[in-house]
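A short write-up of the structure that comes next.
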Amino acid sequence: MNDSTETGHVGGAGLEPGDLTMMLDALNEFVGHALTPQRQLELDHEDVCPEDTVRAMSDPEQLGVQLIFVPAAYGGMDGGAFDSYRVCEVMGRHDIGLATAVFATFLGSDPILVGATEEQKSRWLGAISEKGVVFAYGATEPDAGSDLGALKTTAERIEKDGVVVGFRINGRKQWISNGSIADFTTILARTPEGPSWFVVPKGTPGFTSGKPEDKHGLRLSNTAALFLDNVEVPAENLIGGVEGKGLVQAQQVFGYTRVMVAAFGLGGGWEALDRAIAYSQERQQGGGPLSGKQGYTHKLIVPHAVRLEAARSYIEHTADQIDRGLGANGAMNTEGAIAKLMATEAGNAAADAAIQAHGGYGYTREYVVEKVKRDVRITTIYEGTSEIMEMTIARDRWQQHLKSAGGYYRDRAARLATLHRTHPTVGAGNAALAMQALAAVLEACRVARLTRHQHVLFRLGELICHAECAEAFAQRGSAALDGRRHPKSPDRFGGEALATMSRVFAREAAQKIGQEGVRWVAGAIDAGSVDVAPLLAGVPHDAIRAAQAGLLADMDRVADVLYGRAH
Ligand SMILES: Cc1cc2nc3c(=O)[nH]c(=O)nc-3n(C[C@H](O)[C@H](O)[C@H](O)COP(=O)(O)OP(=O)(O)OC[C@H]3O[C@@H](n4cnc5c(N)ncnc54)[C@H](O)[C@@H]3O)c2cc1C
């Protein structure tokens with residue numbers, strides 16, 4: 001017995017910035033060498049997981065990238081959430097399939113990290129850091145995906161002389177990354193006391209995997225169903241030694257793991273967009289390069305760069321909070337959900353736009369963006385779908401709105417207005433309008449009891465995500481202008497550039513919340529039953545409209561920054 005389920009959390013003290021840079025350089029060099037563009041396209045085409053590369057990346061004698069996730073006490077590098085985000089973004093830029101294979105070891109060892117006894121941690125985390133063993137994470141089942149509570153896999157006690165000596169597991173797992181290659185799999189199964197995690201080694205009698213799934217994308221990642229047919233494991237393979245803690249242990253790490261998937265979305269989105277940026281400087285149409293055409297850049301490039309950087313702002317905000325110790329016991333789950341929703345939707349949209357930006361060439365394999373698009377698509381599905389993210393976000397913030405008698409976002413709007421006074425160029429004023437509009441929409445929903453409509457609740461989740469990302473972007477812009485940038489944040493964009501992007505995003509957020517908030521509030525009310533106008537009187541429509549002034553000039557500036565043009 002141990003109490004680590006109450007106290008355990010992921011995210012170590014963090015690397016020194018110099019060490020992180022060294023790790024990222026080594027990662028780029030290693031993957032660049034192991035996965036040449038030609039090999040990558042072939043593996044994708046042939047639908048093959050490069051197990052040798054996955055194992056070499058995990059081998060501490062070679063790259064040992066997973067050491068970043070393992071605490072120093074168990075032979076790892078004690079990386080924090082910020083380090084993990086940077087590593088995941090870089091891996092995601094190379095190949096989200098390969099990144100998923102590495103991530104699966106982290107995910108598979110998560111229940112151990114947060115819930116295992118010291119002895120179990122030494123044994124399995126030690127094996128990851130010393131031997132580079134590969135893990136898989138077996139939670140999802142054919143009939144239990146978003147709703148894990150519906151899982152059917154059972155673990156029945158094996159008793160000898162009244163003592164539990166082991167468990168017999170029966171059931172099936174679905175869509176398991178590394179499913180057919182992992183050395184160990186953590187399996188969620190229902191014990192008499194409730195869902196619990198078990199470590200099941202490869203080769204255990206009765207434990208088999210299906211053939212790799214034929215997927216839309218992510219084809220360098222092995223995904224397979226797992227079958228457990230009277231699989232017996234000793235009692236010491238029950239993580240934490242106590243039954244019934246499985247769902248809590250799974251939820252404890254969502255803040256952290258969702259930041260990592262958010263970083264895949266960010267990496268995939270930027271990879272595709274950078275390819276489109278390079279292509280549009282070469283491609284001549286209509287008498288000049290596409291990069292000089294506003295109708296092209298302001299639709300296909302600029303808004304996507306802005307949204308990706310908004311997402312990065314929120315990822316960094318969340319990772320930083322986790323590293324400051326606020327991520328324990330699921331405390332950052334809502335923030336992880338916001339980061340994931342924004343980054344993965346932005347990454348997916350950016351990759352789609354990148355195909356369009358390449359015209360017919362984008363539709364062929366050779367130009368790679370269509371592969372990135374297929375790969376990044378998974379990020380809005382696994383580790384919690386976008387809809388589940390919307391629900392998670394809306395439920396939590398709705399409670400905050402109620403508890404604070406409507407003050408939650410009004411107060412945040414006031415703080416942004418203060419930031420606007422000291423930093424008038426970072427979009428904080430427009431972000432304040434977004435928050436103000438959000439507070440008004442939430443209040444209208446309360447008065448008219450509209451969150452009983454699931455669609456309204458989920459749409460609120462999306463609007464909340466935009467408002468909070470606008471806030472994080474304005475704060476990141478102001479920090480960059482003041483020379484207070486996070487020491488591990490990439491420096492591709494200077495303070496002025498970030499401020500400009502933040503202004504564009506905050507305008508979009510305010511406009512979206514004003515328009516769509518009104519749409520769903522009015523749309524949820526039966527025609528003629530209530531007067532909608534007074535309900536929505538608090539939405540600052542005129543100010544939001546006025547705030548759009550200067551939008552095109554700012555987009556021109558963002559395009560100049562992206563294309564390295566002086567302005
Ligand atoms: C390539 C790949 C790799 C994966 N790797 C792993 C892994 O390593 N380990 C693992 O355990 N799992 C893994 N998964 C599973 C993944 O996490 C699930 O697919 C995901 O959580 C969604 O579950 P589902 O597929 O059952 O969809 P469902 O839960 O059936 O959802 C279907 C749709 O309904 C929506 N929906 C669901 N519930 C609600 C609701 N209450 N209200 C409104 N809408 C709802 C969803 O948003 C979605 O759009 C992987 C999946 C894939 C495709």
Side-chain angles (χ1 to χ4, degrees), residues 44 47 49 54 92 95-111 134-153 171-189 195 197-198 200 209-228 246-247 249-251 253-254 257-258 260-261 264-265 268 336-337 340-341 344-345 348 374-395 451-462:
D44 174 65
D47 198 9
C49 164
V54 173
D95 191 287
I96 297 177
L98 197 61
T100 298
V102 171
F103 176 66
T105 289
F106 175 69
L107 212 54
S109 60
D110 262 352
V134 170
F135 263 76
Y137 177 83
T140 306
E141 298 188 359
D143 297 323
S146 302
D147 180 13
L148 268 188
L151 90 162
K152 291 186 184 141
T153 298
R172 178 177 169 172
K173 296 291 170 181
Q174 188 74 13
W175 318 121
I176 306 305
S177 303
N178 289 352
S180 28
I181 66 168
D183 304 304
F184 295 95
T185 303
T186 37
I187 293 283
L188 189 64
W197 288 102
F198 294 89
V200 182
S209 61
K211 67 176 176 49
E213 300 290 350
D214 183 4
K215 305 189 296 292
H216 170 64
L218 210 73
R219 289 162 77 86
L220 275 71
S221 166
N222 168 272
T223 315
L226 299 177
F227 305 96
L228 298 112
L247 291 183
Q249 288 163 350
Q251 277 163 8
V253 291
F254 276 157
T257 55
R258 287 176 175 163
M260 294 166 80
V261 175
F264 291 168
K340 181 177 189 287
L341 180 62
T344 61
E345 290 292 341
N348 194 40
R374 284 185 287 110
D375 287 351
V376 79
R377 187 67 185 80
I378 189 59
T379 62
T380 67
I381 297 174
Y382 68 10
E383 207 43 26
T385 64
S386 286
E387 295 70 42
I388 297 300
M389 297 304 97
E390 290 168 357
M391 180 167 72
T392 304
I393 297 162
R395 278 186 176 165
T451 53
R452 67 180 189 278
H453 300 286
Q454 196 197 36
H455 186 55
V456 171
L457 189 72
F458 281 30
R459 300 305 5 106
L460 288 177
E462 190 195 11

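Start at 1 and go down the list; that is how both ligands and their atoms are numbered. In this text, all values refer to a predicted model and were calculated from it rather than measured experimentally.
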Yes or no: does Lys173 have any heavy atom under 4.0 Å from an atom of ligand 1?
no

Please list the nearest protein heavy atom to [atom] with its residue and the distance rounded to 0.1 Å.
atom                    : result
atom 12 (N) of ligand 1 : Thr140 OG1, 2.7 Å
atom 52 (C) of ligand 1 : Ile378 CD1, 3.7 Å
atom 51 (C) of ligand 1 : Trp175 CB, 3.4 Å
atom 39 (C) of ligand 1 : Ile388 CD1, 4.0 Å
atom 43 (C) of ligand 1 : Gln454 NE2, 3.5 Å
atom 49 (O) of ligand 1 : Glu387 OE1, 3.3 Å

What part of Asn178, side chain, backbone, both or neither, has a heavy atom within less than 4.0 angstrom of ligand 1?
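The answer is neither.
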
Select one of side chain, backbone, both or neither to describe which atoms of Glu213 lie under 4.0 Å from any atom of ligand 1, heavy atoms only.
neither

For ligand 1, which atoms sit closer than 4.0 Å to a heavy atom of [X]?
X      : result
Ile176 : 7 (C), 8 (O), 9 (N), 10 (C), 11 (O)
Glu383 : 17 (O)
Phe458 : 42 (N), 43 (C)

Side chains of [X] and [Y]: does their closest heavy-atom pair fall under 4.5 Å?
X      : Y      : result
Leu188 : Thr153 : no
Val54  : Val102 : no
Leu226 : Ser209 : yes

Does any N or O of ligand 1 fall below 3.5 Å from an N or O anywhere on Tyr137, backbone included?
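Between Tyr137 and ligand 1, an N or O pair is found under 3.5 Å apart.
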
Has ligand 1 got any nitrogen or oxygen that is less than 3.5 angstrom from a nitrogen or oxygen of Ala139?
yes

Nearest 0.5 Å please: distance from the [atom1] atom of [X] over to the [atom2] atom of [Y].
X      : Y      : atom1 : atom2 : value
Thr380 : Leu341 : OG1   : CG    : 9.5 Å
Arg219 : Lys215 : CZ    : NZ    : 8.0 Å
Asn222 : Glu213 : CG    : CD    : 9.5 Å
Glu345 : Glu462 : CD    : CD    : 8.0 Å

Name the option, out of [options], that contains the heavy atom nearest to [atom].
atom                    : options                        : answer
atom 22 (C) of ligand 1 : Thr385, Leu148, Asp147, Leu107 : Thr385
atom 28 (P) of ligand 1 : Gly145, Ser146, Ala250         : Ser146
atom 8 (O) of ligand 1  : Ser177, Ala104, Ala101         : Ser177

Flag: protein heavy atom within less than 4.0 Å of [atom]:
atom                    : value
atom 10 (C) of ligand 1 : yes
atom 30 (O) of ligand 1 : no
atom 20 (C) of ligand 1 : yes

Taking the six-membered ring for Trp, are Phe264 and Phe103 parallel (under 30°), tilted (30 to 60°) or perpendicular (over 60°)?
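Perpendicular, since the angle between the ring planes exceeds 60°.
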
So, does Asp110 use its side chain to make a donor-acceptor pair with the main chain of Ala250 at under 3.5 Å?
no

